[in-house]
K.L.:
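First, the structure itself, so that you have it in front of you.
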Amino acid sequence: MDRKRSHFEDVRLFDTLPHALAVLAVGLALAALPFFVGNYHLYVVGYVALNVIVALGLNVLVGYTGQVSLGHAGFFAIGAYATVMLMGKLGLPLLLALPAAALIAALFGFLLGLPALRLEGPYLAIVTLGFGLAVETVLAKTAFFGGATGPSVPAFPLRFLEGFSREQNLYVLIVLLAGLSLFAVRNLMKTRVGRAFVAIRDSDVAAACAGVDVALYKTLAFAVSAFFTGLAGGLFAFHLGQVDPTTFNLMLSILFLAMVVIGGVASILGSVMGAAAISLLTLKLKGLKLADFEAIPGIGKAMAGFLKAHFMETGMANIQYIVYGLILVLIMTFEPLGLYGYWIRTKRYWKAWPF
């Protein structure tokens, strides 16, 4: 961590000039991307940006407030369904349906946060797990929500630049909202609310003694986290082009949590790094077969034989989850701060180089 010497250093937008230049360079690169790459690469970057929004929201809850959640796929589903149905059934424009759906998800987050006043640790994790499973079941079994097939997704209505395709316009919206989410979460954690979240994470008893309303801020943390997750869910409906209730399952919640842990808890940069790593791994590992392991020099055939003996061919569709689990074990064993911890160590090394 860089030492702060004044309150101004803590609240300013950019820590250093190189930091500002790096953010500007990334922003310009993302703005220029639609003019130079095809729709698939825009899809990949948009998918990463969606998961960045989710990871930011979940990090507010897990990293900064210290509350565990295994039900964020439920908020993700609520955001997706609410956006589609507000547009399809009520005729709301997309720019109104998205924040409205995010607020609906935030309301459910606030209600789910009420058990957090009495529960913590594994007990709270079980409650959030039950919430996520209940949302998936209700959406899949209720005809009003489209049943097992889900509701139809309306055509994407926005046109930012004349001549842009649907994929290019959708990419612009997703990246803009991801940037605004980064800015919002970074500034939130500098406010009184953010400091109250951190105080509760460190010790809720000490926070209460210091005058923090623990009940209010615990439920508020769930609501804020659910808001960003619901916003990402609404964008996901258009990004995928359909709303399938089976998509919002337990494994999706675990992947969201893995983004935070692998990237680094209580770190905005870690949220970005973790979301990017898990998103790219998901796209790369999807459809992985035993033959792909056999092609690895040295250990490929042995690994493929072990997987075939213990999981058989029927389990190969979920081989990516074995890889995620292995990565989580390695990260927690060798670098509890995740990818952000590696970034800190690399930065310190180059600052001290060549000494």
Side-chain angles (χ1 to χ4, degrees), residues 30 33-34 37-54 56-57 72-109 132 135-181 184 226-249 252 256 275 279 282-283:
L30 291 174
L33 205 60
V37 302
N39 289 338
Y40 174 74
H41 291 92
L42 294 180
Y43 171 87
V44 171
V45 178
Y47 181 62
V48 172
L50 280 173
N51 285 327
V52 165
I53 299 175
V54 176
L56 286 169
H72 264 55
F75 300 130
F76 199 64
I78 290 171
Y81 271 80
T83 301
V84 169
M85 300 192 74
L86 286 173
M87 293 180 65
K89 294 186 178 296
L90 299 183
L92 290 181
L94 176 62
L95 294 182
L96 285 180
L98 274 175
L103 288 173
I104 292 173
L107 175 61
F108 278 91
V135 169
E136 179 191 0
T137 302
V138 169
L139 294 177
K141 301 296 184 181
T142 306
F144 178 77
F145 297 116
T149 59
S152 59
V153 179
F156 186 72
L158 299 183
R159 295 291 181 269
F160 291 100
L161 288 177
E162 197 65 35
F164 265 27
S165 65
R166 173 195 178 277
E167 290 75 14
Q168 289 171 317
N169 283 285
L170 179 58
Y171 163 84
V172 172
L173 178 63
I174 293 175
V175 171
L176 278 175
L177 290 179
L180 290 174
S181 299
F227 177 88
F228 286 105
T229 307
L231 178 65
L235 294 171
F236 178 76
F238 290 95
H239 188 258
L240 191 62
Q242 63 179 4
V243 180
D244 183 354
T246 60
T247 304
F248 312 102
N249 52 31
L252 185 61
F256 289 158
S279 301
T282 300
L283 295 175

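Nothing fancy with the numbering, it's 1 onward along the sequence. Only this structure's heavy atoms are used, side chains among them; waters, hydrogens and symmetry mates stay out. This is a predicted model, so every value here is computed, not measured.
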K.L.:
Given side chain to side chain contact (heavy atoms under 4.5 Å, CB included), test L103 with F227 step by step and report yes or no.
P.N.:
CA-CA 6 Å; L103 288 173; F227 177 88; 3.9 Å; yes
K.L.:
Which heavy-atom pair separates E136 from P245 by the least distance, and what is that distance?
P.N.:
CG-O, 3.6 Å
K.L.:
Specify the closest pair of heavy atoms between I174 and A49, including all atoms of both residues, with the distance to one decimal.
P.N.:
CG2-CB, 3.6 Å
K.L.:
Let me see the working for L177 and L98 under side chain to side chain contact (heavy atoms under 4.5 Å, CB included), right down to the final yes or no.
P.N.:
CA-CA 11 Å; L177 290 179; L98 274 175; 4.1 Å; yes
K.L.:
So, do V84 and P154 sit near enough that their side-chain heavy atoms are less than 4.5 Å apart?
P.N.:
yes
K.L.:
Give the ring-plane orientation class for Y40 versus Y43, where under 30° counts as parallel, over 60° as perpendicular and anything between as tilted.
P.N.:
parallel
K.L.:
Can you check side chain to side chain contact (heavy atoms under 4.5 Å, CB included) on V243 and L139, steps first, answer last?
P.N.:
CA-CA 10 Å; V243 180; L139 294 177; over 6 Å; no
K.L.:
How far apart are the closest heavy atoms of F248 and Y81, and which atoms are they?
P.N.:
CE1-CE1, 4.0 Å
K.L.:
State whether the number of non-hydrogen atoms from other residues, nucleotides or ligands found under 6.0 Å of F108 atom CZ is greater than 12.
P.N.:
no
K.L.:
Looking at every heavy atom in both A101 and L86, which two are closest together, and how far apart are they?
P.N.:
N-CD1, 4.0 Å
K.L.:
Can you tell me how far the CG atom of L173 sits from the CG atom of L95, to the nearest 0.5 Å?
P.N.:
7.0 Å
K.L.:
For the residue pair N249 and L252, establish whether any side-chain heavy-atom pair is separated by less than 4.5 Å.
P.N.:
yes
K.L.:
Counting C-beta onward and ignoring hydrogens, is there a side-chain heavy-atom pair between K89 and P151 closer than 4.5 Å?
P.N.:
no
K.L.:
Considering only heavy atoms from C-beta outward, does the side chain of L158 approach that of V172 to under 4.5 Å?
P.N.:
no
K.L.:
What side chain to side chain donor-acceptor pair (under 3.5 Å) pairs are there with at least one residue in residues 230-248, not counting sequence neighbours?
P.N.:
D244-T246
K.L.:
For G163 and Q168, work out which heavy atoms get closest and say how close.
P.N.:
O-OE1, 4.2 Å
K.L.:
For V135 versus A77, what's the shortest heavy-atom pair and its separation?
P.N.:
CG1-CB, 4.2 Å
K.L.:
Sorted by first residue and then second, give each ring pair (Phe, Tyr, Trp, His ring centres under 6.0 Å) pair with at least one member in residues 138-161; sequence neighbours left out.
P.N.:
F156-F238
K.L.:
Between CG of L235 and CZ of F76, what distance do you get to the nearest 0.5 Å?
P.N.:
8.5 Å
K.L.:
For a 4.5 angstrom cut-off between non-hydrogen side-chain atoms, does T229 reach I78?
P.N.:
no
K.L.:
Please round to the nearest 0.5 Å and tell me the distance separating atom CG of L96 and atom OG1 of T83.
P.N.:
11.5 Å
K.L.:
For V45, what residues pass the side-chain contact (heavy atoms from CB on, under 4.5 Å) criterion, not counting sequence neighbours?
P.N.:
L30, L33, Y171
K.L.:
Quick one: does L56's side chain get under 4.5 Å of V52's, heavy atoms only?
P.N.:
yes
